[in-house]
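Please read the structure below before turning to the comments.
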Amino acid sequence: TELLVAALLHLLLTAWTSTAPVPGGLLIPSLAIGGLMGRAAGLTLQKYAAASGDQGFFAQCAGVSQCITPGVYAIVGAASVLGGVTRMTVSLVVI
């Protein structure tokens, strides 16, 4: 929940400062917002996988110490928000 609050606060402050008459950018704030939201999604999915055990969708995680890595979700979230904010193609975001 702290990550989502930080992402929401960062989003609001970024929207407020992007309209200010001072030079600034959206590159780093978009990476931070995406990373926060992606990590929150990864942690939520990790807790759900631990609670559901080795049943259903998470059956292939049986015997694996860490099946879901929240850091990967943070990287994907940061790249996704960066691509959406800057309207880049997927190939440029991956590079």
Side-chain angles (χ1 to χ4, degrees):
T1 59
E2 295 90 11
L3 291 173
L4 293 176
V5 170
L8 179 65
L9 182 64
H10 208 94
L11 179 67
L12 293 174
L13 289 174
T14 300
W16 180 52
T17 58
S18 68
T19 59
V22 294
L26 292 175
L27 180 73
I28 300 302
S30 66
L31 286 173
I33 293 167
L36 287 168
M37 293 175 71
R39 178 125 179 128
L43 288 172
T44 302
L45 192 60
Q46 188 179 40
K47 287 181 182 181
Y48 179 70
S52 67
D54 298 332
Q55 302 173 6
F57 184 73
F58 299 105
Q60 61 188 0
C61 294
V64 178
S65 63
Q66 188 172 1
C67 185
I68 297 169
T69 308
V72 174
Y73 286 86
I75 293 170
V76 171
S80 299
V81 172
L82 175 67
V85 167
T86 60
R87 294 161 137 192
M88 288 185 189
T89 60
V90 174
S91 61
L92 287 175
V93 172
V94 170
I95 291 172

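A quick note: this is a predicted structure, and the numbers were derived from the prediction, not measured. No hydrogens, no waters, no symmetry mates; every other heavy atom, side chains included, goes into these values.
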side-chain contact (heavy atoms from CB on, under 4.5 Å) between Leu13 and His10, intermediate numbers included: CA-CA 5 Å; Leu13 289 174; His10 208 94; 5.9 Å; no
Results of side chain to side chain contact (heavy atoms under 4.5 Å, CB included) for Thr89 - residues two or more places apart only: Ser91, Leu92
Side-chain atoms of residues 21-41: list all donor-acceptor pairs with protein atoms under 3.5 Å, sequence neighbours left out, distances to 0.1 Å.
from  : atom 1 : to    : atom 2 : distance (Å)
Ser30 : OG     : Leu26 : O      : 2.9
Ser30 : OG     : Leu27 : O      : 2.7

Members besides Val5 in its Ile/Leu/Val/Met/Phe/Trp/Tyr cluster (side-chain heavy atoms under 4.5 Å): none
Spatial distance of atom OG1 (Thr44) from atom CD1 (Ile68) [nearest 0.5 Å]: 10.5 Å
